[in-house]
Enquirer: 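Structure in structure tokens, see below.
Note that these values count all heavy atoms, side chains included, but never hydrogens, waters or copies made by symmetry. Per chain, numbering begins at 1; letters A, B, ... match sequence-line order.
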Amino acid sequence: MAMQYWLMKTEPGVYSIDDLKRDKKTFWEGVRNYQARNNMRAMKKGDGVLFYHSQATPPGVVGVAKVVKEAYPDHFAFDKKSKYFDAKSDPEEPRWFMVDVGFVEKFGAVVSLPEIREVNALKDMVLVNNSRLSVQPVRKAEFDRVVKMGRAR
DNA sequence: GCCAACGTTGGC
DNA sequence: GCCAACGTTGGC
């Protein structure tokens with residue numbers, strides 16, 4: 001099975017690449033969108049992840065992470081005190097899942113969304129065409145190109 | 001802070 | 001099953 005590639009969004013004020021660098025790895029809880037969830041369930045250990053800062057100035061890819069643990073139930077959905085609580089997720093048949101991701105590298109500077117939009121080879125990225133999806137698949141060529149841009153600084 | 005895009009909910 | 005209303009995301 002070939003390695004797959006993904007892009008995961010986070011608001012740096014909530015959890016940033018620097019937090020991941022410090023923690024080495026983290027669990028990716030709180031995804032409450034079916035398409036994003038399905039993408040997480042398709043992830044395999046070792047898959048590459050573009051780490052994206054949304055709600056940032058500028059927004060963009062700030063580094064690389066990797067999948068270190070495949071999808072398992074998001075128990076925050078069962079916790080009434082959690083902001084991610086969802087009464088419709090039954091512990092017997094969990095609706096929401098999370099994965100663990102590990103730190104790989106932080107780019108010297110952000111590969112910004114406007115820059116990505118300017119690159120013809122990246123015009124089909126989900127990021128460019130569906131700005132709302134928080135966990136999305138990335139083609140290998142796109143992943144390699146963004147990483148190359150991130151390292152060339 | 002605004003607003004477009006998109007997903008979800010719920011009445012019928 | 002349709003679709004209007006509503007809520008959320010995220011760029012600007």
Side-chain angles (χ1 to χ4, degrees), chain A residues 4-23 26-43 47-67 70-101 103-139 141-143 145-153:
Chain A
Q4 302 175 102
Y5 301 90
W6 311 93
L7 180 147
M8 298 176 91
K9 292 182 186 173
T10 174
E11 295 179 32
V14 177
Y15 197 86
S16 73
I17 187 79
D18 291 318
D19 294 323
L20 182 62
K21 188 176 183 181
R22 179 196 65 219
D23 296 343
T26 190
F27 47 86
W28 208 270
E29 86 287 13
V31 170
R32 297 291 177 267
N33 168 284
Y34 291 105
Q35 218 178 328
R37 178 203 67 181
N38 293 345
N39 288 334
M40 287 205 300
R41 295 191 79 174
M43 289 180 180
D47 282 358
V49 176
L50 295 176
F51 197 95
Y52 183 91
H53 279 178
S54 62
Q55 311 274 65
T57 316
V61 179
V62 291
V64 178
K66 65 182 174 187
V67 176
E70 295 174 13
Y72 57 102
D74 182 344
H75 61 267
F76 291 93
F78 314 136
D79 178 359
K80 281 197 170 117
K81 292 196 287 283
S82 169
K83 68 171 176 167
Y84 298 121
F85 175 70
D86 181 358
K88 290 181 227 148
S89 187
D90 175 358
E92 295 299 310
E93 199 176 338
R95 174 176 296 207
W96 304 116
F97 290 79
M98 55 198 202
V99 296
D100 290 355
V101 302
F103 178 78
V104 176
E105 69 177 283
K106 179 186 175 181
F107 294 154
V110 56
V111 179
S112 74
L113 181 59
E115 281 178 86
I116 289 170
R117 287 190 189 281
E118 280 172 16
V119 178
N120 196 51
L122 300 178
K123 72 173 180 355
D124 290 328
M125 282 188 78
V126 179
L127 179 70
V128 173
N129 297 294
N130 179 356
S131 62
R132 303 262 325 255
L133 188 59
S134 65
V135 179
Q136 45 183 265
V138 174
R139 296 167 192 83
E142 294 165 347
F143 182 91
R145 182 63 179 267
V146 171
V147 170
K148 194 176 159 195
M149 289 164 74
R151 287 176 181 163
R153 328 202 164 210

Enquirer: Among dC12(C), dG7(B), dG10(C), which nucleotide sits nearest the side chain of Asn33(A)?
Expert: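 Nearest to the side-chain atoms of Asn33(A), counting from C-beta on, is dG7(B).
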Enquirer: If the cut-off is 4.0 Å, is Tyr52(A) near the phosphate of dG11(C), judged by side-chain N/O to OP1 or OP2?
Expert: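 Tyr52(A) to dG11(C) OP1/OP2: side-chain N or O found under 4.0 Å.
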Enquirer: Find the distance Tyr34(A):OH to dT8(B):P and express it as a whole number of Å.
Expert: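 Rounded to the whole Å, the gap is 7 Å.
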Enquirer: Search all heavy atoms of Leu122(A) against all heavy atoms of Val128(A) and return the closest pair with its distance.
Expert: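 Result for this residue pair: O-CG2, 3.7 Å.
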Enquirer: Taking atom CD of Glu29(A) and atom CG of Asp100(A), what is their separation to the nearest 0.5 Å?
Expert: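 CG of Asp100(A) is found 10.0 Å from CD of Glu29(A).
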Enquirer: Please test Glu142(A) against Asp124(A) for side chain to side chain contact (heavy atoms under 4.5 Å, CB included), starting from the C-alpha separation and ending with a verdict.
Expert: CA-CA 9 Å; Glu142(A) 294 165 347; Asp124(A) 290 328; 4.3 Å; yes
Enquirer: Rounded to whole angstrom units, what separation is found between the CG atom of Leu133(A) and the C1' atom of dT9(C)?
Expert: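 For the pair Leu133(A) CG and dT9(C) C1', the rounded distance is 11 Å.
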Enquirer: For Tyr84(A) and dT8(C), give me the distance from atom OH to atom P, rounded to whole Å.
Expert: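 From Tyr84(A) OH to dT8(C) P: 13 Å.
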Enquirer: Please state how far atom CH2 in Trp96(A) lies from atom C1' in dT8(B), giving the value in whole angstrom units.
Expert: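 In whole Å, dT8(B) C1' and Trp96(A) CH2 are 10 Å from each other.
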Enquirer: Between dG11(C), dG10(C), dG7(B), which nucleotide gets closest to the side-chain atoms of Ser134(A)?
Expert: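 Of dG11(C), dG10(C), dG7(B), dG10(C) is nearest to the side chain of Ser134(A).
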Enquirer: With sugar-phosphate meaning primed atoms plus P, OP1 and OP2, does Glu11(A) contact a base, only sugar-phosphate, or nothing at under 4.0 Å between heavy atoms?
Expert: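 If one applies the 4.0 Å heavy-atom cut-off, Glu11(A) turns out to touch nothing in the nucleic acid.
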Enquirer: From CE of Met8(A) over to P of dG10(C), roughly how many Å is that when rounded to an integer?
Expert: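 So the CE-P distance, Met8(A) to dG10(C), works out to 12 Å.
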Enquirer: For Phe76(A) and Tyr84(A), take the angle between the two ring planes, folded into 0 to 90°, and tell me which bin it lands in: parallel under 30, tilted 30 to 60, perpendicular over 60.
Expert: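 It falls in the perpendicular class, over 60°.
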Enquirer: Respond yes when some side-chain nitrogen or oxygen of Gln55(A) is under 4.0 Å from OP1 or OP2 of dT9(C), and no when none is.
Expert: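 Checking dT9(C) against Gln55(A), no side-chain N or O comes under 4.0 Å of OP1 or OP2.
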Enquirer: Atom CG of Asn130(A) and atom C1' of dG11(C): how far apart are they, to the nearest Å?
Expert: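 After rounding, the reported distance stands at 13 Å.
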Enquirer: Considering only dC6(B), dG11(C), dG10(C), which nucleotide approaches the side chain of Lys9(A) most closely?
Expert: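 Among dC6(B), dG11(C), dG10(C), the one nearest the side chain of Lys9(A) is dG10(C).
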Enquirer: Separation of Gln35(A) atom CD from dA5(B) atom C1', in whole Å?
Expert: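 After rounding, the reported distance stands at 13 Å.
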Enquirer: Side chain of Arg132(A): nearest nucleotide among dG7(B), dT8(B), dG11(C)?
Expert: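 Nearest to the side chain of Arg132(A) among the choices is dG7(B).
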Enquirer: Which nucleotide sits closest to the side chain of Arg117(A): dG7(B), dG10(C), dC12(C)?
Expert: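 Taking heavy atoms from C-beta onward, the closest nucleotide is dC12(C).
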Enquirer: Could you tell me how far apart Arg95(A) (CZ) and dT8(B) (P) are, to the nearest whole angstrom?
Expert: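 One finds 10 Å between P of dT8(B) and CZ of Arg95(A), rounded.
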Enquirer: Before we go on, tell me: are the rings of Trp96(A) and Tyr34(A) under 6.0 Å apart, centre to centre?
Expert: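 Between Trp96(A) and Tyr34(A), the centre distance is under 6.0 Å.
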